[in-house]
Structure formats: structure tokens, C-alpha cells
Amino acid sequence: MKKMIIGNQAVAYGALSAGIDIATGYPGTPSSEALTELFNFSQKNDPSPYVEWSVNEKVAFEVATGAAWTGKRAITTMKMSGCNVASDSILSVAYSGTRGGLVIYIADDPGAEAGMPEQDTRLFALQAGLPLLEASTPQSAYKLTRFSFELSEKTELPVILRLVTSVSHAQEMVEGDYSYNRLDREASFERDIFKYTKAGSAICVGQHETLLLRLKQAERIVADRRINRLNCRNCSDSTGFSVVSSGSLIPYVNEELMNFEDVPHLALESIYPLDENIVIKMLKKSERVLILEELEPVVEIMIRSLANKLGWCGTILGKMDGLLPRTGKYEREVILKGLEALVRGNRKRKKHENEPIVETPSIGFSEITGNKQNRNDLPPVSIKHPITFCAGCPHRGTFMALVRAIKRNRMDRNKIIVTGDIGCTILGMNPPFNSCWTEVSMGSSIGLAQGFVRGGIREPVVATIGDSTFFHAGMPPLINAVQHRTGFLLIIMDNGWTCMTGFQPNPGTEERFQGANTRQVDISRLVQAMGIDDLQVINPFDQEHSEEVLSQALLARGVRVVIARKECAITVARRGEVESVCVVDPELCNFCKRCLRETGCQALFVSDYEDREIVKIDTDQCNGCTLCITSCPTDAISTGKIK
Amino acid sequence: MLTNIFISGLGGQGVVTLANLIAQCASEHGLKVSVFNSRGMAQRGGRVTSEIRISDNKNFIYGARISSGQADILLGMEIGESINSISYLKELGTAVILDYSFIPSEMILKKEAYPSQKETSELFLKKTKNLFFVDNPVSPYNIFLLGVFVLLIPLIDKELTFLTQSEVEKSILTIIKRETELSLKTFRQGYEYGAKLAESL
Ligand code: SF4
Ligand code: SF4
């Protein structure tokens, strides 16, 4: 059966086909749709694997590990940053190994399209000592996911499956069985402290040795299953050149080679451990080798050291010689640059005498520089559409009230540090609020705020965080603040969903939206339970009250928490529950633009009325939050029109 | 043979739906097609792009991304985002652009000038003469633009002639679940508009 799906969904169907019993994860672009697909499957199908969106990647990995230790197949999904959160547990579990297949799906983001560090999970695989497979297309993601479970069970190691954005979000027809092949394994677990604990140095070192043996075994299995391929049109004639590509670049290199000379191409989908046999086969044929991989020179380091060990004395082109960049997504231009450099140094030896002359590459170096020139003079203008809160977003109200409260207290906005956090709430750093100062990692707003206070900042410090991020990694640092009496104002914006990644449920989501047998957790009670008495709840659309509460909270001492509570405008709108929208009375609008300036709401736009300009509201976009009403000095805006 | 189509616009404009409609027609026609959507900030008014790659060789395994300077066709749904996408267009590629501007409120407040249609054409004409501007588009814009594009195809790209009026209408019926009638009507309006545009050449 064939379906048009994206790489992330292909991972999900590969896992279902492999008969997983459990899937866990934490949302994070570009990985989220993998577990979304499994979650939706579990809601609609019986039998189905158990699927949960865990509170963070570490917990997700631990839940998956427990299940795998009972013999079940388990997958856990995350983006590369989540791997940092989970790494403590991953490195430890690598020593213990697994019984049932345990696959850690991690999506990397060369080019930082989702805006985080360009972390290379392949390096993490080296650190953890775990096999890493990388898919080149959605179709290969499906196949490799299935294979990862097999590899995991044969080696008794967790296996890392890596996709990059260009594959995890690419959509194409994928052949698969699209069914859940449940394995019906009995769960069992035996006490074995030598395997599952770290009780004593001898045990740890022993586990480390086992890990290395298992890696060697992984290398053999990968070679037997021919996961990596050495392709060329006419391999018997050695040209002296070879190109190696890692995972996501394989199809792009193939595409360029079609119009290039006949260069043997080693396509690696099993990255770590290095498949030495096939690399040696390639080296033996070559005098010059080009290595193409995005981000860090991981494959290059491994091949260079293997070449060194063998006494191979050809030339290796890659990143370590300064030829190719270590940052960003590789476009065609970079691949061509590498290929040109590969054949350039050695043209004379390229052809045998009586061989028909192969056309010189139709894509020459001149064209590469040509491309560069074009890129430099275009585009001469660049329009920035700043991302902002959605129309009707409650976070807009919170930041408006914060800006107003700082002003009311006659405080200097340039001195009030507001730490931001991951998720929609960080949009408070953009105009018109320009409020957040920092964005580091999940939950970091609260830890950083304490750092500023401890560092000696005298003005009040404000931390801002969304509900899901608070549940994810905000509670541990908040408890820390309570324990050590480090005073700051924490604003938790509770809109009931994990929105930035596509409106997934979190512990604070109402039970009726969470599915059967769930329980909603109330942040205010949690905060109280942590020992915080200075707690207030505001409705961000009630600006007068919110401003009042925030201005007092700014002035107070100790750890104080304000929960700004109102459901996400988009989830409300999707249920068709928007009751009214706002309209501008054109006679009353004097075009002072205060509404635009204070709300930055995208439903507001400038329009002509008679012979002058006024502001109007796009009623298709407006979600009736009434915040712009609080900005208008002439009462030109009113609410009421039913959608 | 690979044909690359790059679509750009803003969240809420239906860039992804437009891509899906084209992809659906291509795969119905037995072609291999891949789609890559960048829509992380779609809900929040940000840039949305879609990269479509179509090949008549079913066994050809290629990546889903279009490199700079490699798009045969650029479909622009918003002036600013079309300009931001120029670097993707091939030398002498074809651009079909809606004359619709969404001016960020920051720019309104700072009274910064937004590029006009004339300035935009000048920028594009440096790269290609195959430029079509669609004035006064009808909502939903994505479907209107598709209508214009489909009519223009015989003039633009012979590899894409599978995108006929009847095939696209079929895919509208399969993919568009809400206000399907309106979409069909808008598609035809776009198609008629395209005919006028073609006549005026
Ligand atoms: S704040 Fe009121 S008067 Fe001023 S531009 Fe907006 S609608 Fe018009
Ligand atoms: S136009 Fe006014 S009422 Fe409507 S969503 Fe925007 S700020 Fe809220």
C-alpha cells in the first residue's frame, strides 16, 4: 500500500509495522508529527500501542526503557534539544542495554529552520556508544525504523534513529503495510543488578566493555543487511575518485551525479559504528575521496582515522581541510563545489585512453560562482513579517498588562529583566511588547531569573513561561527557588495546551479534551503545594485587574507567582466557540493607531474611509478578545457582532 | 526530468493546501512527487513556503528540498514573501505573483514603504522576463492563483500539462472539505482571469 506521508509519519508507520507496544515522546519541531501520528492511531484503533506525550524527553525515554526492559518494543521521539534533556538517562541505559527493541527517534535541524542550535546527534551517538541510523528519504525512514528494532534486539542496544528537517518534513509516496503488527509478547523482567544498576566500578567498566562488543556486532549486522551501498554506473573502471554521503544528502548527491562524471558513491545510512568493510572497499578504489555531510565532520573523522590506520595515502576532501562549511543546510551549490574540487585536482589521470570521452560536467564551477553572484544581488529588499501572537491570543493580554504595570510603577523598562522561555510565550520578545530578554531552553526562564537575582540585580526580575513548559521543566527550578528563597516574579501563562508545536494536550489540559482516563492537574494548587503563598490568578483579557495585580507583584518580595489563565484562542476557535468579534466605528476612529501600537494584532489593518485613513478589523481573523478596545481613546471599537 | 515549484506566502493563506492540490494531481497522473512545507509559524502570521518536486521517473529517488536558483516556477501569494523568495527562482524561470500585500503593523507605525507592484516587477525582471502579476485576486487566494496558473501552464512548462482544469477540479473535490463549491467557483474565476492575462501577452 502507498500513501503520501511525511518522514515523521513514516517513522510512526515503521514503528507500528515493527509491532511496538509503547511510544512516548515530547513534542519538538521537527520531530512532533511522529508521535502525533501514533497518538492519533492509538485514539482510533484497538488494538493499538500505548502512546503518551510525556512531561519531558527524559521521562519519555525512561517510560520507554522500562517497557523495553520487560521485552516489549518501544520508541521514544524528540528533537535534538530534547536529547540533551534525556541524555543523562540515555547514557546510563546504553550501559545496561535493552531486551525488547528500543528506538530513540531524534530529529536534527541543519539550517536551524526551527530556530535552535545546529546540534549534531551523530556526535551524541559517539558519546553514548549507541548505533545511529539516518534515513535519506521518507521511504527509507519507514524501512530504517523497522530495521532499527531488529538491530536493537540483535545487539541488545538502544538504537538512535536520526532524521533531519529536510526528511522529517518531506512528503512523498511511501510504500508500507500501514498496519499494526502486534507482537503479543509476554512482559517479564528479572532482577539483575549487574546489568540494571551501576553498583560498583567493576560493574560499570564491565558494562562499558559489553557495550563496545555490542557495537562491533552492530557493525556486522549492518554490513550483512547491506544498509550502506557503494553505487556507481560502471564500477569496474576505477576513476580514482569516490564520494561519500551521509543520510539526508544521499538523494541530492545522486541527483548531481546524474549530470556528472561516473564517480563511485558510498551512500551511508548507518552512520555509527562506521561500516569499515565497505569504506575499505571504497578506499581501495580511490585516490581522492570527497565526504559530504551536513554539520560536524563525523563521518570524515571516522574515515580519516581508518585511512590512517590502513596506511592509505590518498587525499580526503571535506570539512577538516576547510573546503566545505560546518554550518547550515547543504544546498546544491555546496555539493557541486565538493564534486568540482574532487575531480579538479586530478583531471589527467581521469580517463583511460580508448574510452569514449565522457562529456565534461554540464554543471561547471562557473555556474556555482554564478549562483553566488545572483544570490548576492538578490533579494535587494527583504520583508520581515514578524511572528506575533495569534489574533485573540491571551498571551497578548498578559504582555500588554505587564508593559502597562511597569509603566504604572514608573519603573524603567530597560532595567526590568524579563526572561523568556520556549513556546508561544516567547513571542513577547517581538514588537510591540519587546519584553523578553532571554531564551535558552525548556524551563530555563526560571533558573536564569534566579541567576540574575543571585548575581545582584536589584530591580525586580520577571520570568515568563507557558503552562506546558512549566510542567516540562519549570517545576524543578521553581522548587529550587522556593527552597533557597530567591525572590522573583514568575508569570505562568496557562492557556491549557502545548500550542507552538500544534496544540498537543499537556497535564493542564481540560479532561474532556485529553481522552479517557486522564486527570487535569491544576497549576495553582501545584504552585501552592510547592510552598508559594504569594499566588494570584488573572484573566489577561481583564486588563484593569491584570495590570493592578502585576504592578503589585512587581513590587513585592520573595517568590511570587501570577498565573494568567485563559484558553488558547485557536483551540477555542477550532471548536467554533468564538461568540463575538470586534468592529471599528469609522466615524469615531481618528487614526491615532494606538490599537496597532499596543496590541500588534494581525486582525487590525489600515483602510480608506471617505477621504481619510482609519483602522479596520478583519472579522475573519478577529477572535473577539476585546484587548484593542482597551487601547482606543475614542471608544471607536466595540464588541458584539456575532460571527 | 525534475520540475521544481516553489510556493511562498503567509500563514492562513492556504499555501500548503495549494501544494497539496498540485501534488494530488501529479500523483493521480502517475508521476513521482515530493512536498516539503515550512510552516512552523503558520498560525502566527509568519512566512510559509512549500517546495514541490515532480518527476516522470517513478524510480528516481531524490530529496525534497529545492536549492537556491533551482525553482522552475515560483508561485507568490504575497508581495513581500515573493520578493523574499526570488533567490530560489531559476534564471529565466517563471513567476506568477499575486498583487496582495500584508504590511506588518510595525512597518505601518514606522511609516516604512512596502514594495509596490512596479518595484517588485523590476526586481523580478532582473532575473526573468517570465513574470505574471495577478491583480485584484478573489478569495480564497490560493485557489484563485491555482486557476490562473493552470491556464498559463501551456505557455510556461510542458512538463506540467497534466495540470488541466478538469484534473485540478477533481483534486479540489477530494482535498477541500469545506466550502468546496466556493473553491470550484473561485478556481474557475482564476482560470478565466488567466485567459485574459494570456490574451494580453
Ligand atoms: S485606537 Fe481607536 S481611534 Fe486610534 S486608530 Fe485604533 S480604532 Fe482608531
Ligand atoms: S482585533 Fe481586537 S478583539 Fe479582535 S482579536 Fe485583535 S485585539 Fe482581539
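Below, chain A is the first sequence line, B the second, and so on; all start at residue 1.
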message: Within the structure provided, determine whether B:Ile61 and A:Asn254 are in side-chain contact (heavy-atom separation under 4.5 Å).
response: no

message: Quick check on B:Ala19 against chain A: is it the side chain, the backbone, both or neither that has a heavy atom closer than 4.5 Å?
response: neither

- line: Heaviest contributor of heavy-atom pairs below 4.5 Å to chain B, chosen from A:Met4, A:Lys593, A:Lys2, A:His169, is A:His169

- request: Give, as side chain, backbone, both or neither, the part of B:Phe102 having an atom under 4.5 angstrom from any heavy atom of chain A.
  value: both

- request: Determine whether more than 12 heavy atoms belonging to other residues, nucleotides or ligands lie under 6.0 Å from atom NZ of B:Lys177.
  value: yes

message: Looking at every non-hydrogen atom in both residues, tell me the closest pair between B:Phe60 and A:Met258 and how far apart they are.
response: CZ-CE, 3.5 Å

- request: Write out all pairs satisfying side chain to side chain donor-acceptor pair (under 3.5 Å) with one or both partners inside residues 134-154 of chain B, taking only residues at least two apart or from two chains.
  value: B:Gln117-B:Asp135

field: Winner by heavy-atom pair count (cut-off under 4.5 Å) against chain A, out of B:Ala64, B:Pro104, B:Gly63, B:Gly80
entry: B:Gly63

message: Using side-chain heavy atoms (C-beta onward) and a distance below 4.5 Å, is B:Pro115 in contact with A:Ile383?
response: yes

- prompt: Rounded to the nearest 0.5 Å, how far does CG of B:Leu10 lie from CD of A:Gln602?
  reply: 9.5 Å

statement: By residue number, those in residues 135-142 of chain A with heavy atoms under 4.5 Å from heavy atoms of chain B are A:Thr137

field: Separation between CZ of A:Phe605 and CD1 of B:Ile108, rounded to the nearest 0.5 Å
entry: 10.0 Å

- prompt: Does the side chain of B:Phe36 come within less than 4.5 Å of A:Ile6's, by heavy atoms?
  reply: no

statement: One option among A:Pro431, A:Cys601, A:Ser248, A:Gly600 has the most heavy-atom pairs under 4.5 Å with chain B, and it is A:Pro431

message: Counting heavy-atom pairs closer than 4.5 Å to chain B, which one of A:Arg597, A:Met173, A:Glu255 comes out on top?
response: A:Glu255

message: At a 4.5 Å cut-off on heavy atoms, which part of B:Tyr88 comes close to chain A: side chain, backbone, both, or neither?
response: side chain

message: What's the separation between atom CD in A:Gln171 and atom OG in B:Ser34, rounded to the nearest 0.5 Å?
response: 9.0 Å

task: Return the set of residues passing side chain to side chain donor-acceptor pair (under 3.5 Å) with B:Arg188 (not counting sequence neighbours), or none when no residue passes.
output: B:Glu169

message: Within a 6.0 Å radius of atom NZ on B:Lys118, are there more than 12 heavy atoms belonging to other residues, nucleotides or ligands?
response: no

message: According to side chain to side chain contact (heavy atoms under 4.5 Å, CB included), who are the partners of A:Ser31, at least two apart in sequence or on a separate chain?
response: A:Lys79, A:Tyr105, A:Ala107

field: Flag if over 12 foreign heavy atoms under 6.0 Å of CD, B:Glu179
entry: no

Interatomic spacing from OH in B:Tyr62 to CD in A:Glu172 - rounded to 0.5 Å: 7.5 Å

query: Which atom names give the shortest non-hydrogen contact between B:Ser67 and A:Arg332, and what distance separates them?
result: OG-N, 2.7 Å

field: Among B:Glu112, B:Met107, B:Arg53, residue most engaged with chain A (heavy-atom pairs, under 4.5 Å)
entry: B:Arg53

field: Part of A:Lys384 lying under 4.5 Å from any heavy atom of chain B
entry: backbone

Segment of B:Ile79 engaging chain A (4.5 angstrom heavy-atom cut-off): neither

- request: Indicate the atoms forming the closest heavy-atom contact of B:Arg65 with A:Tyr252, along with that distance.
  value: N-OH, 2.6 Å

- request: For B:Lys185, look at atom NZ and say whether over 12 heavy atoms of other residues, nucleotides or ligands are found less than 6.0 Å away.
  value: no

- line: Comparing B:Glu78, B:Glu119, B:Gln24 against chain A, the one with the most heavy-atom pairs below 4.5 Å turns out to be B:Glu78

